[in-house]
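Below is one structure, written out as structure tokens; the observations come after it.
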Amino acid sequence: MGKNKLKKFAEMELNPLVLQYPFGTLRREGGFPLRGRWHSDFFHNDRPIVLELGCGKGEYTVGLARRYADKNFIGIDIKGARMHAGASTALAEGLTNAAFLRTDIELLEAFFAPDEVSEIWITFPDPQMKKVRKRLTGTRMIDLYRRVMTDGGTVRLKTDSPFLYAYTREMARLNGLEVETDTADLYATADPADPILNIRTHYERQWLARGLTIKYLAFALRRTGELAEPEDTFERDTYRSYSRGTLETGNFPHSESTPQP
């Protein structure tokens with residue numbers, strides 16, 4: 001392991017905004033002590049809790065925390081080296097409404113009690129075109145989210161993937177989930193003054209420069225009811241974005257050294 005990565009891990013251990021609980025640690029310590037107690041024991045307020053799943057470098061977690069002091073934001077990712085950037089920025093800026101949790105998203109229920117989460121952001125995930133069980137807007141994961149969310153809490157998806165956007169729209173329609181916002185070209189339709197929608201990550205800016213349109217979908221999640229999985233008839237993406245490898249096809253420049261987050 002490189003010295004820079006070791007340095008990041010050491011700094012993460014000392015950062016009070018970071019909690020690191022991969023499965024082995026969770027099992028060894030007999031559970032997570034803040035489950036059901038995030039408001040009282042960590043944030044020390046009763047403001048709504050918002051999660052960013054697969055937060056990467058934490059750009060959304062930090063950007064939202066800067067803009068909305070009336071909410072608490074937690075970025076979740078299993079990659080500690082990526083998370084270091086956002087966690088360090090939040091600490092340096094004194095953002096007391098931001099936190100970072102290093103763990104697997106599938107363990108969400110071990111970290112949050114029912115009704116503890118009000119909103120979830122899913123920002124540019126891998127669309128998992130072949131693995132619906134791993135798809136972050138698949139019904140298996142949606143069912144997991146609603147076990148920790150308030151009834152009617154909002155799930156927000158921002159993606160460059162036409163496949164994931166089409167799939168998630170149909171999943172919401174099929175299950176009667178109330179769609180609050182739906183746009184296939186966010187920056188052509190959104191209010192430029194909207195502070196939420198105009199937080200742009202490093203890789204999002206690169207995707208925009210390549211000519212990709214950004215899709216945005218927000219829907220309310222009911223606590224109960226059976227969830228039906230859409231029939232898989234969705235057209236596959238004909239490219240790979242920066243977080244998913246090099247470009248395959250399309251009218252964009254090919255790079256042999258596509259950066260990874």
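Heads up: numbering here begins at 1 and tracks the sequence.
Criterion: ILVMFWY side-chain heavy atoms under 4.5 Å apart, direct or through other members. Under it, Leu108 and Phe100 are not part of a common hydrophobic cluster. Under a hydrophobic clustering in which Ile, Leu, Val, Met, Phe, Trp and Tyr are joined whenever their side-chain heavy atoms come within less than 4.5 Å, directly or via other members, Val148 and Ile78 fall into different clusters. The hydrophobic clustering, which links ILVMFWY residues whose side-chain heavy atoms are closer than 4.5 Å, places Leu17 and Phe112 apart. Cluster membership check: Leu136 shares its hydrophobic cluster with Leu101, using side-chain heavy-atom separations under 4.5 Å among Ile, Leu, Val, Met, Phe, Trp and Tyr. One hydrophobic cluster holds both Ile76 and Phe43 under the rule that ILVMFWY side chains link at heavy-atom gaps under 4.5 Å.
The pair Glu106-Arg140 meets the salt-bridge criterion, with a side-chain N (NZ, NE, NH1 or NH2) lying under 4.0 Å from an Asp/Glu carboxylate O. Arg173 has a carboxylate O that lies under 4.0 Å from a charged side-chain N of Glu170, or vice versa, which qualifies the two as a salt bridge. For the pair Asp77 and Arg102, the salt-bridge criterion is not met [side-chain N within less than 4.0 Å of a carboxylate O]. The pair Lys71-Glu119 meets the salt-bridge criterion, with a side-chain N (NZ, NE, NH1 or NH2) lying under 4.0 Å from an Asp/Glu carboxylate O. Under a 4.0 Å N-O distance rule, the pair Asp126/Lys134 does not qualify as a salt bridge. Glu204 and Lys158 are joined by a salt bridge, as a carboxylate oxygen and a charged side-chain nitrogen come within less than 4.0 angstrom of each other.
Taking 4.5 Å as the limit, every side-chain heavy atom of Val50 sits out of range of all side-chain heavy atoms of Ile120. Ile142 is listed as a side-chain neighbour of Met171, based on a closest heavy-atom distance under 4.5 Å. Using a 4.5 Å heavy-atom cutoff, the side chains of Thr123 and Glu52 are in contact. Counting heavy atoms from C-beta on, the side chains of Leu208 and Ile214 come closer than 4.5 Å. Residues Glu13 and Gln20 meet the side-chain proximity criterion, which asks for heavy atoms closer than 4.5 Å. The closest side-chain heavy-atom distance from Trp207 to Phe124 is below 4.5 Å. Between Asp151 and Arg222 the shortest side-chain heavy-atom distance falls below 4.5 Å. Between Phe32 and Leu19 the shortest side-chain heavy-atom distance falls below 4.5 Å.
Checking side-chain atoms of Asn72 against main-chain N and O of Asn97 turns up no donor-acceptor pair under 3.5 Å. Of the possible donor and acceptor atoms, one in the side chain of Arg135 sits under 3.5 Å from a partner among the backbone N and O of Pro127. Side-chain atoms of Arg82 do not come within 3.5 Å of backbone N or O of Gly58 as any donor-acceptor pair. Panel note: side chain Arg28, backbone Leu26; no donor-acceptor pair is recorded below 3.5 Å. Looking only at distances, a side-chain donor or acceptor of Thr103 sits under 3.5 Å from a matching main-chain atom of Tyr21. For the pair Trp38 (side chain) and Phe111 (backbone), a donor-acceptor distance under 3.5 Å is present. Side-chain N or O atoms of Arg67 include one that pairs as donor or acceptor with a backbone N or O of Gly63 at under 3.5 Å. A donor-acceptor pair under 3.5 Å is formed between the side chain of Arg35 and the backbone N or O of Glu109. With hydrogens and angles disregarded, no donor-acceptor distance shorter than 3.5 Å links the side chain of His44 to the backbone of His39. Using modelled atom types, one side-chain atom of Tyr60 and one backbone atom of Ile199 make a donor-acceptor pair closer than 3.5 Å.
Heavy-atom minimum distance, Leu227 versus Asn175: CA-OD1, 3.2 Å. Contact between Val62 and Gly86 at its shortest, heavy atoms only, is CG2-O, 3.4 Å. The minimum heavy-atom distance between Arg66 and Thr89, with the atom names listed, is NH2-CG2, 3.6 Å. Closest non-hydrogen pair, Thr183 versus Tyr165, comes out as C-OH, 3.6 Å. What you find for Ala220 and Leu177 is that their closest heavy atoms are O-CB, 3.6 Å. For the residue pair Asn15 and Ala87, the shortest heavy atom distance occurs at ND2-O, 3.1 Å.
The environment of CZ in Arg133 is sparse: at most 12 heavy-atom neighbours from other residues, nucleotides or ligands sit within 6.0 Å. Counted within 6.0 Å of CZ on Arg27, heavy atoms from surrounding residues, nucleotides or ligands total 12 or fewer; the atom is thus considered open. Atom CD of Glu231 has 12 or fewer heavy atoms from other residues, nucleotides or ligands within 6.0 Å. For Glu178, the CD atom counts as loosely surrounded, since its 6.0 Å shell holds 12 or fewer non-hydrogen atoms of other residues, nucleotides or ligands. The 12-atom threshold is not exceeded at CZ of Arg37, counting heavy atoms of other residues, nucleotides or ligands nearer than 6.0 Å.
The line from CD1 of Ile105 to CG of Leu53 is 5.0 Å long, rounded to the nearest 0.5 Å. Interatomic distance, CG of Leu157 versus OG1 of Thr168, reported as 5.0 Å (0.5 Å rounding). Residue Met129 holds its CE atom at 11.0 Å from CD of Glu235, rounded to the nearest 0.5 Å. Separation of atoms CG (Leu34) and CZ (Phe42) is listed at 7.5 Å; rounding is to 0.5 Å.
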Assess whether side-chain contact (heavy atoms from CB on, under 4.5 Å) is satisfied between Met149 and Asp115, documenting all intermediate values.
CA-CA 5 Å; Met149 293 183 74; Asp115 292 317; over 6 Å; no
Apply salt bridge (Lys or Arg N to Asp or Glu O under 4.0 Å) to the pair Asp182 and Arg169, showing each step before the final yes or no.
CA-CA 8 Å; Asp182 178 1; Arg169 289 183 80 209; 2.8 Å; yes
Steps toward side-chain contact (heavy atoms from CB on, under 4.5 Å) verdict (Leu51, Tyr145):
CA-CA 10 Å; Leu51 308 183; Tyr145 306 155; over 6 Å; no
Test Val18 against Glu11 for side-chain contact (heavy atoms from CB on, under 4.5 Å), laying out the working first.
CA-CA 10 Å; Val18 176; Glu11 290 176 354; over 6 Å; no
Worked check of side-chain contact (heavy atoms from CB on, under 4.5 Å) between Val132 and Asp232:
CA-CA 9 Å; Val132 67; Asp232 189 358; over 6 Å; no
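One side chain, Thr154 or Glu180, offers a donor N or O that lies under 3.5 Å from an acceptor on the other. A donor atom on one side chain and an acceptor atom on the other are found under 3.5 Å apart for Ser161 and Asp237. Residues Tyr167 and Glu229 have side chains that bring a donor and an acceptor to within less than 3.5 angstrom of each other.
Annotation: cation-pi geometry not satisfied between Arg156 and Phe219 (NZ/CZ under 6.0 angstrom from ring centroid, within 45° of ring axis).
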